[in-house]
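Here's the structure we're looking at; comments come further down.
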Number of protein chains: 2
Amino acid sequence: MKITIKDIAKISGVSTTTVSQILNNKGQRFSDETRRRVLKAVEEYDYNPDYFAKNMINRESKTIGMIVPDVTDLFFSKVIEGVEAYLTKKDYMILLCNSNHSHEMEKDYIKQLLNRSVAGILLASPNSLELETSLKSPYILIDRGLNTRTEGNLLVKEYDGSYESVQYLINLGHRKIGMLTNESGYYEMSERYEAYCQCLKDNNISYNETYLEDGPVTIEGGYQAAKRVLARTDITALCCGNDQMAIGAYRAAYESGLHIPNDLSIIGFDNLEISEYLNPPLTTVAQPAFEIGYTAASYLFQSINQPEAKVPNKTFGTKFIVRGSTSLVDKI
Amino acid sequence: MKITIKDIAKISGVSTTTVSQILNNKGQRFSDETRRRVLKAVEEYDYNPDYFAKNMINRESKTIGMIVPDVTDLFFSKVIEGVEAYLTKKDYMILLCNSNHSHEMEKDYIKQLLNRSVAGILLASPNSLELETSLKSPYILIDRGLNTRTEGNLLVKEYDGSYESVQYLINLGHRKIGMLTNESGYYEMSERYEAYCQCLKDNNISYNETYLEDGPVTIEGGYQAAKRVLARTDITALCCGNDQMAIGAYRAAYESGLHIPNDLSIIGFDNLEISEYLNPPLTTVAQPAFEIGYTAASYLFQSINQPEAKVPNKTFGTKFIVRGSTSLVDKI
DNA sequence: CTGAAAGCGCTTACAG
DNA sequence: CTGAAAGCGCTTACAG
């Protein structure tokens, strides 16, 4: 049987009011003697106020929900790490939901989280989300462009980052530049794709549809997509939707007998820790995953504690990192 | 203002008892008419029973806590995925804690989780843990050998897996076999190390301390450790504590001008998705991370619902996977 | 400086 | 078939 505040009150010979006030550092000053007696009993019996009873009154669950499309995705796991790092300091805990890229699951999770009275929600999903407006608890959107909200959005300069990488390839002399993207209309992917198109245009390079391939944003997805595009084209460079896809593209290139970067230049997006260790190290567009998570958590925290205040938006810059997977074009 | 059961009762003209019973499918049969009225009001006002009030009575938080040493670790994120996959089906949610390999943090988190009345705890930590016995909620230990508990342990045949990989190298003619391990006495690492020693012994190969290196079980850790051991020895093969370390070792090898596998054979442990995509693909010892998580969750669930029943232990086998990072020894 | 009592939003014997 | 009342374990005006 769990020990309750009544037990502590009885043991230390005071009322529950007193115990409660002392434990919460509230109310009037109590005599040192009383305080000591109560604290001693608490200590001795290892009393902890019941979480549910306490919350029924305080409504401070100190819990937030976080929904990600894939926990094993290296980008998102880094974001989670950032979120956790911030929230732990504040004694908050995070209810983690893995939506498996499913929009249905996301909606389900949001409902469940709301039922659990979480203090706020962190939604790291690239999907557009119509039910946003019905969300009555504070929330922050990570990496989301497709929404009508004007505050609490954390974005990354997907477009600029992607543009820069394509321009880099063009400057190296590449003209036949492929791109691996994602079919399902993910916001970031669209941005990166748009930048690709625009950059070609700005450089008077004609757009070639066969240079494009779709696939899941995973290693395997990148492998399959790259395989297809390499089989039917003679591209000299390939922009991958993200680093994971680039990793898959490496293998596709090897299997096609292509040497990176001599025969094929490859560029990723994310700058995962692992990308630096690939062979050759991957040229990529860095985005600050940990910082994104950390900032998202801090904004949410702020939004929970000052519901009236407007939550700022934030756009993170990217950084283009040249490594060994890109080189001057080698063939015409 | 949140809508309560009283509101629903008033709106549908019945008592709160009736509303509660209908919503929980309990008690006696109610007239269809009453049921319809109540359900309609619930629907219309989007009523959801308060999580805390409900739990104060039912004590079914349907929440478990999970502690991992590192969310960004590819092995653990896969385990999390498995846990999530099982628990979601059961309408449970998981409170995720990232201990950063810190034993102190683990203890803190356990305390916090207990205070929150989680239904159970999943502890994925390679640390030994003295306070286990004081854990009064159901729990399952993942990947833990150093404990005195006789049930609810999920283990992997670390020793056998490691032994097999070392023996494989020896069969290829290797005699100068290095090993990258972890200093902090992690159970799995010790097992793998013990197997390494025993296998050498069984093959009458003398143990050479300089072939050993310690490091964090990360890519960077593997890189640094491999760099050190390659700088001072002429090993022809290297067993890495896990795949992440192996990835780091790849780069160390390249920087030392060594070709894998011709100059240096490398073996990992885990079989991460990425390992197959490395260049060359990594020979490694596979362990079923997703399945481990999934099983752990199912055992915990069982243990929550039948507290008296003994929770089984389970030991997962490993599978040795030969890929391109190992070859016959090339130099004497 | 301290306590009796009301109340948070539910569920559940119990009575009718 | 349905409701009044007690109770879960807390906190908080309020009164003294």
Side-chain angles (χ1 to χ4, degrees), chain A residues 1-42 45-63 112 114-119 136-137, chain B residues 1-42 45-63 112 114-119 136-137:
Chain A
M1 256 263 322
K2 207 178 159 175
I3 185 158
T4 74
I5 196 171
K6 268 191 198 159
D7 300 321
I8 297 296
K10 196 172 301 167
I11 290 163
S12 38
V14 296
S15 71
T16 59
T17 308
T18 303
V19 177
S20 174
Q21 306 258 302
I22 288 180
L23 252 28
N24 293 304
N25 293 310
K26 289 206 180 152
Q28 318 78 332
R29 215 171 276 98
F30 295 92
S31 74
D32 283 354
E33 167 57 14
T34 309
R35 168 172 270 105
R36 201 178 322 116
R37 274 217 313 282
V38 170
L39 260 21
K40 178 160 161 285
V42 167
Y45 290 84
D46 190 28
Y47 165 69
N48 286 298
D50 182 75
Y51 180 70
F52 300 116
K54 199 166 180 161
N55 264 291
M56 207 162 69
I57 306 189
N58 295 337
R59 310 255 133 223
E60 290 191 323
S61 65
K62 297 223 175 193
T63 305
Q112 279 194 56
L114 256 22
N115 280 348
R116 281 162 183 259
S117 299
V118 290
K136 48 208 164 195
S137 88
Chain B
M1 255 264 321
K2 208 178 157 173
I3 185 155
T4 73
I5 195 171
K6 267 192 198 158
D7 300 322
I8 297 296
K10 197 174 299 168
I11 289 162
S12 39
V14 296
S15 71
T16 60
T17 307
T18 302
V19 176
S20 174
Q21 306 257 302
I22 289 181
L23 252 28
N24 294 303
N25 294 310
K26 289 206 180 153
Q28 316 80 331
R29 215 171 277 100
F30 295 92
S31 73
D32 283 353
E33 167 55 14
T34 310
R35 167 172 272 106
R36 201 177 322 113
R37 275 217 314 281
V38 170
L39 259 20
K40 177 159 162 289
V42 166
Y45 291 84
D46 190 28
Y47 166 69
N48 285 298
D50 182 76
Y51 180 70
F52 300 116
K54 198 165 180 163
N55 264 291
M56 207 163 68
I57 306 189
N58 295 337
R59 310 255 131 222
E60 290 191 324
S61 65
K62 295 222 177 195
T63 305
Q112 280 194 56
L114 256 22
N115 280 348
R116 281 160 183 261
S117 299
V118 291
K136 47 207 165 195
S137 88

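Naming: A, B, ... by sequence-line order, numbering from 1 per chain. Below, each value reflects all heavy atoms present in this structure, side chains not excepted, and no hydrogens, waters or symmetry copies.
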Practice problem: Check the pair A:Tyr51 / B:Asn115 against side-chain contact (heavy atoms from CB on, under 4.5 Å), numbers first and verdict last. | Solution: CA-CA 6 Å; A:Tyr51 180 70; B:Asn115 280 348; 5.9 Å; no
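- Under the 3.5 Å distance criterion, with hydrogens and angles disregarded, a donor-acceptor pair is assigned to the side chains of B:Thr18 and B:Ser15.
- A donor-acceptor contact shorter than 3.5 Å links the side chain of A:Ser12 to the backbone of A:Ile8.
- Residue B:Phe52 contributes atom CZ, which lies 18 Å from atom C1' of C:dG7 at whole-angstrom precision.
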Exercise. For DNA chain D, produce a single dot-bracket line, 5' to 3'. Pairs: Watson-Crick or G-U wobble, both distances under 3.5 Å. Symbols: ( ) within strand, [ ] crossing, | other strand, . unpaired.
Key: |||.||||||||.|||
Give each protein N/O atom lying under 3.5 Å from an N/O atom of nucleotides 10-12 of chain C, with the pair distance.
unit_1: C:dC10; atom_1: OP1; unit_2: B:Tyr47; atom_2: OH; d: 3.2
unit_1: C:dC10; atom_1: OP1; unit_2: B:Asp50; atom_2: N; d: 3.2
unit_1: C:dC10; atom_1: OP2; unit_2: B:Ile5; atom_2: N; d: 2.7
unit_1: C:dC10; atom_1: O5'; unit_2: B:Tyr47; atom_2: OH; d: 3.2
unit_1: C:dC10; atom_1: O5'; unit_2: B:Asp50; atom_2: N; d: 3.3
unit_1: C:dT11; atom_1: OP1; unit_2: B:Asn24; atom_2: ND2; d: 3.0
unit_1: C:dT11; atom_1: OP2; unit_2: B:Ser20; atom_2: OG; d: 2.6
unit_1: C:dT12; atom_1: OP1; unit_2: B:Lys26; atom_2: NZ; d: 3.1
unit_1: C:dT12; atom_1: OP2; unit_2: B:Lys26; atom_2: NZ; d: 3.3
unit_1: C:dT12; atom_1: O4; unit_2: B:Thr17; atom_2: OG1; d: 3.2

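- Sorted by first and then second residue, the salt bridge (charged side-chain N to carboxylate O under 4.0 Å, His left out) pairs with a member in residues 51-63 of chain B read A:Asp50-B:Arg59; sequence neighbours excluded.
- Taking atom CG of B:Leu23 as the reference point, atom C1' of C:dG9 lies 13 Å away to the nearest angstrom.
- A search for side-chain hydrogen bond (donor to acceptor under 3.5 Å, both in side chains) contacts involving B:Asn58 returns nothing, not counting sequence neighbours.
- For B:Ser61, the side-chain hydrogen bond (donor to acceptor under 3.5 Å, both in side chains) test picks out no residue, with sequence neighbours left out.
- For residues 16-25 of chain A, no pair satisfies salt bridge (charged side-chain N to carboxylate O under 4.0 Å, His left out), with sequence neighbours left out.
- The aromatic rings of B:Phe52 and A:Phe52 sit tilted, their planes meeting at an angle between 30° and 60°.
- Between the CZ atom of A:Arg59 and the C1' atom of C:dG7 there is a distance of 13 Å, rounded to whole Å.
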